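Since the structure comes first, as structure tokens, the remarks are kept for the end.
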Protein chains: 2
Amino acid sequence: MSTVSTQRVGRRAKGELARERLKNAAIAVLDRAGYHQLRIKDVTAEAGVAAGLFHHYYSDLRSLVEEILEEHIAKAEATEVIERDVSKGDWFNRLRSHYRFAVRNHAEHPGIMRCIHQFCADDPDFRKRWNASYYKRLELLVDVFPFVFPDSELSADEARLIVYGLSGIGQDLLREYYIERDSPLLALQLSEEELAEWLAVLQYRSLFACNPPKEQLRYASRILTIKRHSSSPEHSDQACKGDLA
Amino acid sequence: MSTVSTQRVGRRAKGELARERLKNAAIAVLDRAGYHQLRIKDVTAEAGVAAGLFHHYYSDLRSLVEEILEEHIAKAEATEVIERDVSKGDWFNRLRSHYRFAVRNHAEHPGIMRCIHQFCADDPDFRKRWNASYYKRLELLVDVFPFVFPDSELSADEARLIVYGLSGIGQDLLREYYIERDSPLLALQLSEEELAEWLAVLQYRSLFACNPPKEQLRYASRILTIKRHSSSPEHSDQACKGDLA
DNA sequence: ATTATTATTGAATTTGGATTCAAGATCAAT
DNA sequence: ATTGATCTTGAATCCAAATTCAATAATAAT
């Protein structure tokens, strides 16, 4: 059907290409300006096409942006497999994997993440769509709750309260760090892996009320030095030893 | 100067009154529609005045809304005194007080909190203004870090990383709960005090890697039943006993 | 080579809403 | 009671940006 040669491009393929160029242009503008300053003219200018062409491919800005976000979500969902190589009881690595995913998303697609955030605040329908994706990940954790804590007297909703509450750890921080790029924490010059680990440690501590196993930590081990000076030394690290189910 | 009687109202006072009515109308519309759907006509209609009157009192919507938010921030800062009756080493109550403040804000002024959120995502200047207020509270916690954890090897920035990371606990949750009113957690029917306590417990656990003292908990004590079934019983609760500096 | 289809342009029009303003109403001062 | 100031109205105007569309170019089918 469509020619693959460099010069000759089929009509249909050419159309698809222009469509794609508009999309990429929009992403570029989203990155530097955000959704609410986005104008059709910005997009077509960035793509180097006439203003009128926009409506040949999209009915309005919102539908273009929705397509971008939808694709992002779909792609992320396809490749996440967050808990892929995490062994069954290895909770610290499970949490760290979730954060790796979140951190990578923010670091690689700040414009898109910002836009998702703006859409969620504005548009109930989109918020539902996003939450469906986001909560799917959270529910992975909620689901294993009764298995990990068989003795706990928590209801399912209470488990959810905990997971949803803890999911906020680092959310704002990631935004300030990667999107606004305007946080005192930028001074720390953290790599993605480092940041993911720190946040995972914080989450782990809250979940289990103890530290993750020392040997798993590659960057954030200094957090283990946090001890109430009023309590007996070496209290909790030992008790919550190992990390196997 | 101005008459206090019910019927007769001075010229100046009448003006102030209309100004106030516009402001309250705007808050009402913010509550139900949010900043980005806010129109001057909506505000004047809600206030029951002609469209043109708006510009007699405000140059544009943004300045009106900024005034509303500025007043909110100022009032909140004036009355917060968050750590007022928290005794020096009583960390659990300190955290709980912070959450009481956050929860109350969301419960009482969902429209304004939503608007703050929207402004922060859009407007770098406002975000700075808000962060100045928000970080002021967080720095209360950062500042006492070296005092509470004298043996810790954390740098100031690392302490900040922890505090900022943990500050996210419950942020999204409060939005979904009080602003969007669309969270599976609504099923729990939590009172403000209950929610504040749950979130404080989560934060406390992450900070100290142990549970807060049982006797402080009025609602969330079931969280103490969370124990890794692989570890020895009663491990950390005892070690981190009491709560005095 | 001719014809039909799709892609692209940019000027003209439309739209949603902010902004202005002349005129009328209300009020305090004299 | 008259005057001058402020408050209020709503229709008229303005404006930025979206949207349309007739004309032209590029490509594919015959």
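This structure is a prediction, so every number in the text was calculated from the model and none was measured. When reading the values below, keep in mind they use all heavy atoms of this one structure, side chains included, and skip hydrogens, waters and symmetry mates. The sequence lines fix the lettering, A, B, ..., with proteins before strands; numbering per chain opens at 1.
Between the NE2 atom of B:H55 and the P atom of D:dC15 there is a distance of 14 Å, rounded to whole Å. In this entry the distance linking NZ of A:K41 with P of D:dA16 reads 10 Å, nearest Å. Between the P atom of C:dA7 and the OH atom of A:Y58 lies a distance of 13 Å, rounded to the nearest Å. What separates CG of B:L38 from P of C:dG16 is a distance of 18 Å, to the nearest Å. Rounded to whole Å, atom P of C:dT8 lies 9 Å from atom CG of A:L17. Rounding to whole angstrom units, CZ of residue B:R19 and P of D:dT6 are separated by 15 Å. Residue A:F54 contributes atom CZ, which lies 16 Å from atom P of C:dA7 at whole-angstrom precision.
Distance from the side chain of A:Y57 is smallest to C:dT8 among D:dT8, D:dA18, C:dT8. Here D:dA18 is the nucleotide among D:dA18, C:dT20, C:dT8 with the atom lying nearest to any side-chain atom of A:I40. Nearest to the side-chain atoms of B:A50 among the listed nucleotides C:dT19, D:dG10, C:dG17 stands D:dG10.
Of the N and O atoms on the side chains of B:E77 and B:S133, at least one donor lies less than 3.5 Å from an acceptor on the other residue.
Taking the ring axis of A:W130 as reference, the NZ or CZ atom of A:R127 does not stay both within 45° of it and closer than 6.0 Å to the ring centre. A cation-pi arrangement, defined by a distance under 6.0 Å to the six-membered ring centre and an angle within 45 degrees of its axis, is present between A:R62 and A:F119.
Each of B:D60 and A:R21 lies near DNA chain C, and the nucleotide nearest A:R21 is the one positioned closer to the 5' end.
In this pair, B:H36 and A:H36 present their aromatic rings parallel. The plane angle is below 30°, not in the 30 to 60° band.
At a threshold of 4.0 angstrom between heavy atoms, the contacts of A:T44 with the nucleic acid are absent. Counting non-hydrogen atoms under 4.0 angstrom, B:L53 reaches a base of the nucleic acid.
In this structure, the side chain of A:E194 does not engage the main chain of A:Y219 through any donor-acceptor pair within 3.5 Å.
For the pair A:H56 and C:dT8, the criterion of a side-chain N or O lying under 4.0 Å from OP1 or OP2 is not met.
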